[in-house]
Structures are given as C-alpha cells and as structure tokens.
Amino acid sequence: MTDEHNLKTLGCYRELFNDSFVWGEGVEVKTPNIDSLARDGAIFTNFNTVAPTCTPSRASFISGLYPHFTGAILNHQAMNEDVVTFADILHKRADYHTGYVGKWHLNGDEKPGFSNEERHFGFHHNKYQFNRGHWKLFDEDAQTGEINVYEWKHKRRVKSKIKDAYATDFLFGKGIEFMEKQMKKEKKFALMLSIPDPHGPNYIRPPYDTMYKNLNFTLPPTAVAAYHRKPAPPEWGQSENDLEKADEMIKSIENDDQWQTDMRNYFGMVKLIDDKVGELLSFLEKSGQDENTIIVFTSDHGDMMGEHGRYNKGNPYQSSAGVPLIIRYPGRVTRKVINTAHSSTDFAPTILGLMGIDYSGIAFQGTDASDEILSNATSSTLEQVRFIAGPKYAAAVDRQYKLVLSRFGPPWLFDLKEDPNEIINYSGNPSYNGIMRKLRHELRNAIEMYKFPLVNENVIYFSQPLCLDSQDQIPDLSYHVCSDLTKTQYKDKCDIESVSKFCSAAVIFAAKIQ
C-alpha cells in the first residue's frame, strides 16, 4: 500500500484511461514493474476508498467496515480495539504468520509510535510499524534495535547511507527480511507493506531527485477549466479565484520553480516505489516463491496533483477517492480488467476469499469479489453500487455513473463514460432521470445505514432546484458569473437578452432589489 497516490502516474492506468499525459505532452513516469503486475493479473479501474483521508480509509481496508463502525472517522482517531481485521482471521483461523511494516495511522496521536504491542490487530510482527508522521529517513541501531526517524532537513544526522535509510528503501528492506525469515521456517505468511510515499513532503533521494528535472509540468485541462469556470466545478470542489486573472494565475503556478520541483519529485517517489516492486519480484523469483505468492498493489487514497485546481485528497473526484488495485495471483488469475464498482470495504473479504480462508461469522460491510477475480472472463463489469463519504458530501458510484450529494448546492451526477474528467453535471438532464432515481435511492439508504456524516444534516438537495442559475462564467459577459448580477453595479447587464436567459434566477432577484 502506498500513500496519497494519483493512479494516473501508473502506466497501466494511463493506458486503460486513454489519458497518457495529464500534466503535459510527454510528461510521464514509467512504471514497468507495477505494470507487470497488471499484465499478469487483475486490475480494477473503478476502485474507490470509502473515505479519501488516511485514517478512515486504512481502517476500512483492513476491517471491511465503514468509518462509523471502526471508530476511525477522522484523521488521527484511534480505531476501536474490538475491530476484527483480515490479519486476525488469517492468524487465528489459518495459522498465518502476519506482519505489518510501515505507516499505520490507526493508533490516535502516537507519533511516530513504533510497534504498539497492545494494538496489533492480528499483525503480530509489527516492529517496523509506525503510527504516523511522514518521516523521510529511518535508522536502526545495530546494538539496541532502536529505530530513529528523521525529516529530510536532518539527513546529515543519519548514520547509514541515504539509499538505505530513505523511507521506501528502508521499509521494503524490512518487508523482504520478514518474508525471508518466514520462508526459512517454511511458514505461511501475510505481510502488509505500507509505504508513506508519494505523500508529501515532496523530497526524494538521489538519483530520483533529478531524474525528471527536464520535464516541464503544466496544469491539467480540468484545472484550467476550473480556474476559468468553463464550466464551474461543484460547490464542494471550488476554490476562490479572480476570473479576470485566471490566465495570470495559471502561468504563475506553472512558472513557479517550487511547484515544478514538487511535481518532479512526486514522479521521483513513484519511480523509486516501482523500482522497489521490481526488487521484490526478483527476490520472490530467486527464492522460488514467485509462483506461490499473491501480490496486491493499492493505496489508501489519491492525490489531485492539480486536477480540477485542487491538491491532496478529501473530495469524491476520481483522483482523490479513486485508488489503484492490482492483484497478481500466478496460476489462478490471468490478465483481467475489472470495471465493476468496488470500494475499500471489499478489500478484506476479497483477500480472504482469494486465499480460501473461512470468514463465516464475520460481519463485513463490504463484499467478496474473489469469484469475479477468479472467473475466466478477461473483463468484468457487474452492476453494483459502492459509496464514498466525507464530512460534507456522500457519493454513490456504479459502473458508469457517480452521484454526489453535499451540504452545499445541488446534486452532481457524473457520467464517467461520456465525461471521464468529471466536469459536467448531468443531474438536471431529463435523459438521466432513471439513473438519478436509482442512485439517489441507493445513496439515501446508505447515508442512514452506514451513518455517513450527512445523516446529521437538516437540508440536503436530492434534486436540482427549479430555480437555479449556472455557476459557469457567463458566455456573453466575460469574467462574470450569475451571482454578480445581484450586485447593484451590474444591474444594467440584466437587460442583455443572452445574459438574462443564462441567469434567469439572478435577473429575477436583481429586479426585486431595484
């Protein structure tokens, strides 16, 4: 598992999405090793975390439960001690030796919080598990076994070589050590290796820090559209900006040296991860266990990386809530593309199902997708609905559509086939009335059943209001939106016929205040 990983940085996803150069022509990071997992296994194109922030997402992955039922609803909240994880089941019911290496983020405020023996949740080998903090460097004392962590600015304090101490290198090394020990003992094992990159801060060790220095990043087309409000993004995805200075703002971002460095270093972090996946595959091959080991690659949530003019995570856009899920299972799973909507609550039962482990009596809220993965079909697009929720919104996703309800403004319906960039709202289009009814019903029930935060809201728009103006820039009145017409200095613009048609509600309001 990686952290805050934009899935469009992976070659196998760029190929499937036909979206090769999000940040400009030729701007890409090649990921041949991760791509090989997809080439030899199953790749999910519509897999979302139920909550695109670290703590609630991670809890849902390992428990198969929605955040309200794990106690880990917000970042830095501790997961309830009675939560049963897939590691608990593997250890107790199938005698697996279970290990966890890397970022955990489920023990509250502990920082870094290494190896909490009272809260192992079935991961019994957890010496190299740490709770939180994005440390870039790790050092282990050879005599005492004590682990020290460092920020990048303190790299001179590290005793070992940077290429051994850097987080990705160090943690992959400890993960391989764990597997090697179990192989020598001829023990069945299950390891969760949780890499804190490519989450910021965006520092990466040489030579990855200069590997992409010649790339010139540009803002994605969705960001350009958002800054110009052509069309305007949803209320839950908007940022304040001056329309008259939109082009100037775009140029200032793209010409900012720090922005370019951060984007290049993000690519560098992804490239190092891919190289380490290659080393892991080589280790398994040399040890004779490559045909006997299931490898799963995923992330806790995405990173917008400038798409829609946003960064990091926290909203229901694909680049935030959508995560990679690739499963390589030699001899059982051949090349397969799964377009069915799935979510992080499905992860635990699916992994157990693939391994043939009996989990009867465990009340997972996700479903087991192992039959879909193990089928002979080369692609799969089943009809089912999955959910995403945050403090201010809730979303329902099926194989083609995504409906988002929020505390602010009207519902947004995305047609992921017709509009994969998620910039057009189809909720008011009569042709989509049927899918609106279906997803609205599913989401209304889910909000109550799974205790999504919106359950406590007094007002939520389930349909488009009858009198609502577009928030797009007015076509015949540059740099203005309909809400501007409610201001006295713009009242004369209401007399322009094309403007009054585009902004009928604002014109009525303006007439009332005159």
Side-chain angles (χ1 to χ4, degrees), residues 6 8 19 21-25 27 200 202 215-266 302-320 392-393 404 406 408-410 412 414 419 421-425 468-507 509-510 513:
N6 185 300
K8 294 176 185 176
D19 203 0
F21 303 119
V22 180
W23 299 278
E25 188 70 24
V27 178
N202 289 20
L215 292 185
N216 184 57
F217 285 77
T218 57
L219 282 168
T222 56
V224 175
Y227 286 134
H228 284 285
R229 289 182 175 256
K230 292 182 176 180
E235 287 79 355
W236 44 261
Q238 287 183 8
S239 300
E240 290 295 326
N241 66 283
D242 186 338
L243 288 177
E244 291 190 46
K245 297 181 178 179
D247 287 326
E248 181 182 331
M249 183 178 183
I250 291 167
K251 284 184 179 179
S252 70
I253 293 171
E254 294 177 344
N255 292 332
D256 183 78
D257 289 341
Q258 188 59 57
W259 186 77
Q260 290 288 342
T261 298
D262 285 344
M263 298 293 277
R264 292 163 184 161
N265 284 353
Y266 190 101
D303 187 329
M304 297 295 292
M305 288 188 70
E307 294 190 69
H308 301 276
R310 305 299 295 269
Y311 295 87
N312 303 323
K313 66 274 189 180
N315 60 59
Y317 282 127
Q318 182 196 53
S319 293
S320 167
K392 301 176 182 179
Y393 65 83
V404 184
S406 76
F408 311 109
W412 272 70
F414 296 112
D419 174 38
N421 287 328
E422 299 177 308
I423 61 173
I424 300 172
N425 186 6
L468 180 71
D469 282 330
S470 168
Q471 296 194 43
D472 298 353
Q473 186 174 160
I474 302 171
D476 293 334
L477 193 61
S478 297
Y479 312 126
H480 291 289
V481 292
C482 293
S483 58
D484 289 341
L485 301 183
T486 63
K487 301 172 184 176
T488 304
Q489 62 264 42
Y490 300 117
K491 65 180 182 180
D492 60 315
K493 305 300 182 184
C494 298
D495 296 331
I496 302 173
E497 184 178 357
S498 60
V499 172
S500 65
K501 287 182 178 180
F502 190 80
C503 303
S504 56
V507 169
F509 181 82
I513 65 173

Next on the checklist: With a 3.5 Å distance limit and no angle check, can you tell me whether Arg229 reaches the backbone of Val481 through a side-chain donor-acceptor pair?
Outcome noted: no

Checklist entry - Gly314 and Ser320: which non-hydrogen atoms are nearest, and at how many Å? => result N-OG, 3.1 Å

Next on the checklist: So which atom in His308 and which in Glu422 form the shortest heavy-atom distance, rounded to 0.1 Å?
Outcome noted: CE1-O, 3.1 Å

Check residues 246-253 and write down every donor-acceptor pair under 3.5 Å in which the side-chain atom is one partner and the other belongs to a residue at least two apart or another chain.
unit_1, atom_1, unit_2, atom_2, d
Asp247, OD1, His228, NE2, 2.8
Ser252, OG, Met249, O, 2.7

Next on the checklist: Below 30° counts as parallel, above 60° as perpendicular, anything between as tilted: where do the rings of Trp236 and Phe414 land?
Outcome noted: perpendicular

Next on the checklist: Quick check: closest heavy atoms across Gly306 and Pro220, and the distance to 0.1 Å?
Outcome noted: O-CD, 3.7 Å

Next on the checklist: So which atom in Ala232 and which in Trp412 form the shortest heavy-atom distance, rounded to 0.1 Å?
Outcome noted: O-CH2, 3.5 Å

Next on the checklist: Nearest 0.5 Å, please: how far is CG in Leu477 from CG in Asp484?
Outcome noted: 8.0 Å

Item to check | Under 3.5 Å: donor-acceptor pair, side chain of Asp476, backbone of Ser498 | outcome: no

Next on the checklist: Any side-chain to backbone donor/acceptor pair from Asn421 onto Ile423? Under 3.5 Å, distance only.
Outcome noted: no

Next on the checklist: With side-chain hydrogen bond (donor to acceptor under 3.5 Å, both in side chains) as the rule and sequence neighbours excluded, what pairs involving residues 217-227 come up?
Outcome noted: none

Checklist entry - When rounded to the nearest 0.5 angstrom, what distance separates NZ in Lys8 from CD in Gln318? => result 5.0 Å

Item to check | Least distance between heavy atoms, Phe217 atom then Val27 atom | outcome: CE2-CG1, 3.5 Å

Checklist entry - Please walk me through it: do Gln473 and His480 pass side-chain contact (heavy atoms from CB on, under 4.5 Å)? => result CA-CA 6 Å; Gln473 186 174 160; His480 291 289; over 6 Å; no

Next on the checklist: What I want to check is whether the side chains of Glu235 and Gln471 have a donor and an acceptor closer together than 3.5 Å.
Outcome noted: yes

Checklist entry - Are side-chain heavy atoms of Asp472 and Lys230 found at a separation under 4.5 Å? => result no

Next on the checklist: Test your reading of the model: is there a side-chain donor-acceptor pair from Asp303 to the backbone of Asn312, 3.5 Å cut-off?
Outcome noted: yes

Checklist entry - For Trp23 and Tyr266, what are the C-alpha separation, side-chain angles and deciding distance, and is it a side-chain contact (heavy atoms from CB on, under 4.5 Å)? => result CA-CA 12 Å; Trp23 299 278; Tyr266 190 101; over 6 Å; no

Checklist entry - After noting the C-alpha distance and the side-chain angles of Trp259 and Leu219, does the key distance pass the side-chain contact (heavy atoms from CB on, under 4.5 Å) rule? => result CA-CA 11 Å; Trp259 186 77; Leu219 282 168; 3.8 Å; yes

Checklist entry - Does atom CG of Asp257 have more than 12 heavy-atom neighbours, drawn from other residues, nucleotides or ligands, at distances under 6.0 Å? => result no

Checklist entry - Are side-chain N/O atoms of Gln258 and Asp262 paired as donor and acceptor at under 3.5 Å? => result yes

Checklist entry - Hey, what do you get for CD (Glu244) to OG (Ser478), rounding to the nearest 0.5 Å? => result 9.0 Å

Next on the checklist: I need the Asn216 CG to Glu254 CD distance, nearest 0.5 Å.
Outcome noted: 7.5 Å

Next on the checklist: Testing the basics here: between Met305 and Asn6, what is the closest heavy-atom pair and its distance to 0.1 Å?
Outcome noted: SD-CB, 3.7 Å

Item to check | Intermediate values then yes/no, disulfide (SG to SG under 2.5 Å), Cys482 and Cys503 | outcome: CA-CA 5 Å; Cys482 293; Cys503 303; 2.1 Å; yes

Next on the checklist: Tyr317 vs Met304, test: side-chain contact (heavy atoms from CB on, under 4.5 Å). Steps then yes/no.
Outcome noted: CA-CA 8 Å; Tyr317 282 127; Met304 297 295 292; 3.5 Å; yes

